[in-house]
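From a predicted model like this one, the values you see are computed outputs, not experimental measurements. These values consider heavy atoms only, across backbone and side chains, with no hydrogens, waters or symmetry-generated copies.
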Amino acid sequence: MSQVFEGYERQYCELSANVSRKCNSFSASDSEQKQQRVSEIKASLDEADVLIRKMDLEARSLQPSVKAMLLAKLREYKSDLGKLKKEFKRLTSPNADQAAREELLESGMADTHLASADQRERMTMSIERMNQSSERIAESRRTMLETEDLGVSILEDLHQQRETLLHSHKRLHGVDDAIDKSKRVLNSMSRRISRNKWIVGSVIGVLVLVIILILYLKLSHH
């Protein structure tokens with residue numbers, strides 16, 4: 001539910017109740033009071049028209065699910081405003097029958113009670129609607145806070161996982177360095193072994209040649 005719409009709705013309900021109250025007491029007023037009441041009621045009806053238009057614009061700017069509900073409420077307010085305008089037009093009509101006015105005056109007390117009951121019922125319904133809207137807003141806020149807490153928890157878990165991955169990456173990098181060092185040591189050892197093999201082979205070859213030479217010299221003296 002839109003808080004802006006609720007604000008307009010609250011203002012309209014107050015205006016509607018005020019206009020209804022002034023219309024009910026219009027017939028019992030004197031001429032001077034009637035002129036003042038006419039100006040006040042007309043101004044209130046104009047203001048109510050503005051509020052209806054504002055509620056209409058606000059409702060149509062919301063999501064479809066919320067918009068449908070608010071437009072249904074708005075139709076009720078438009079119907080209510082139409083009735084108030086008809087009542088005001090009837091009261092201010094210069095062709096109104098005097099006898100009807102007297103009859104209306106005589107039955108004014110009964111009509112006042114009926115109008116007051118209708119007014120109370122309308123106000124009660126409006127208050128109930130606003131209370132329901134407030135409850136829905138509170139529920140939406142609770143859901144939003146729970147979702148926010150869940151999002152924070154997920155972000156914290158992701159951060160911990162990221163730290164774990166970074167630590168593992170560092171350890172793997174260290175292992176890679178150790179493997180590279182081991183490869184270099186092994187390669188160096190392989191080169192040394194190969195070099196030593198050549199040296200030993202050369203020494204053995206020289207010794208064999210010396211032995212052959214010695215044997216040759218000994219045999220040649222005999």
Query raised in the report: Going hydrophobic residue to hydrophobic residue with side-chain gaps under 4.5 angstrom, can you get from Leu51 over to Leu71?
Result: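 In one cluster with Leu51: Leu71, yes.
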Query - Leu57 with Leu15, same ILVMFWY side-chain cluster at under 4.5 Å - result: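 In one cluster: no.
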Please report the interatomic distance [atom1]([X]) to [atom2]([Y]), rounded to the nearest 0.5 Å.
X: Asp80; Y: Leu74; atom1: CG; atom2: CG; result: 11.5 Å
X: Arg162; Y: Thr164; atom1: CZ; atom2: OG1; result: 11.0 Å
X: Glu9; Y: Lys73; atom1: CD; atom2: NZ; result: 3.5 Å
X: Gln3; Y: Glu58; atom1: CD; atom2: CD; result: 10.5 Å
X: Lys22; Y: Gln36; atom1: NZ; atom2: CD; result: 8.0 Å
X: Leu186; Y: Arg191; atom1: CG; atom2: CZ; result: 10.5 Å

Report task. Give every residue pair that meets the salt bridge (charged side-chain N to carboxylate O under 4.0 Å, His left out) criterion with at least one member in residues 43-55, sequence neighbours excluded. Result -> Lys42-Asp46, Asp49-Lys85
**Report entry** side chain to side chain donor-acceptor pair (under 3.5 Å) partners of Tyr8, counting only residues at least two apart
**Finding:**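 Tyr8: no side chain to side chain donor-acceptor pair (under 3.5 Å) contacts found.
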Query raised in the report: Is there a side chain to side chain contact (heavy atoms under 4.5 Å, CB included) between Ile52 and Lys78 once you walk through the steps?
Result: CA-CA 7 Å; Ile52 288 290; Lys78 288 180 179 179; 3.8 Å; yes
Query raised in the report: Less than 4.0 Å between a side-chain N and a carboxylate O, is that true for Glu87 and Arg90?
Result: yes
Requested in this report: Please tell me if the side chains of Val19 and Phe88 come closer than 4.5 Å, counting only heavy atoms from C-beta onward.
Outcome: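 Sidechains of Phe88 and Val19: no contact.
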**Report entry** Side chain proximity check, Ser20 to Leu84, heavy atoms < 4.5 angstrom
**Finding:** yes
Return all side-chain donor-acceptor pairs below 3.5 angstrom for residues 196-213, not counting sequence neighbours, or 'none' if the list is empty.
from, atom 1, to, atom 2, distance (Å)
Asn196, ND2, Arg192, O, 3.2
Ser202, OG, Trp198, O, 2.8

Hey, is the main chain of [Y] close enough, under 3.5 Å, to the side chain of [X] for a donor-acceptor pair?
X: Tyr12; Y: Tyr77; answer: yes
X: Ser44; Y: Glu40; answer: yes
X: Ser220; Y: Tyr216; answer: yes
X: Ser194; Y: Ser190; answer: yes

Query raised in the report: Using a distance-only test with no angle check, is there a side-chain donor-acceptor pair under 3.5 angstrom linking Asn18 and Arg21?
Result: yes
Report task. Answer yes if the side chains of Glu156 and Gln160 hold a donor-acceptor pair under 3.5 Å, and no otherwise. Result -> no
Query raised in the report: Run the salt bridge (charged side-chain N to carboxylate O under 4.0 Å, His left out) check on Lys181 and Asp177 step by step: do they pass?
Result: CA-CA 6 Å; Lys181 290 179 181 178; Asp177 291 341; over 6 Å; no
Query - Heavy-atom pair of closest approach, residues Leu91 and Cys23 - result: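 Minimum heavy-atom contact is CD1-O, 3.6 Å.
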Query - Over 12 foreign heavy atoms within 6.0 Å of CD, Gln63 - result: no
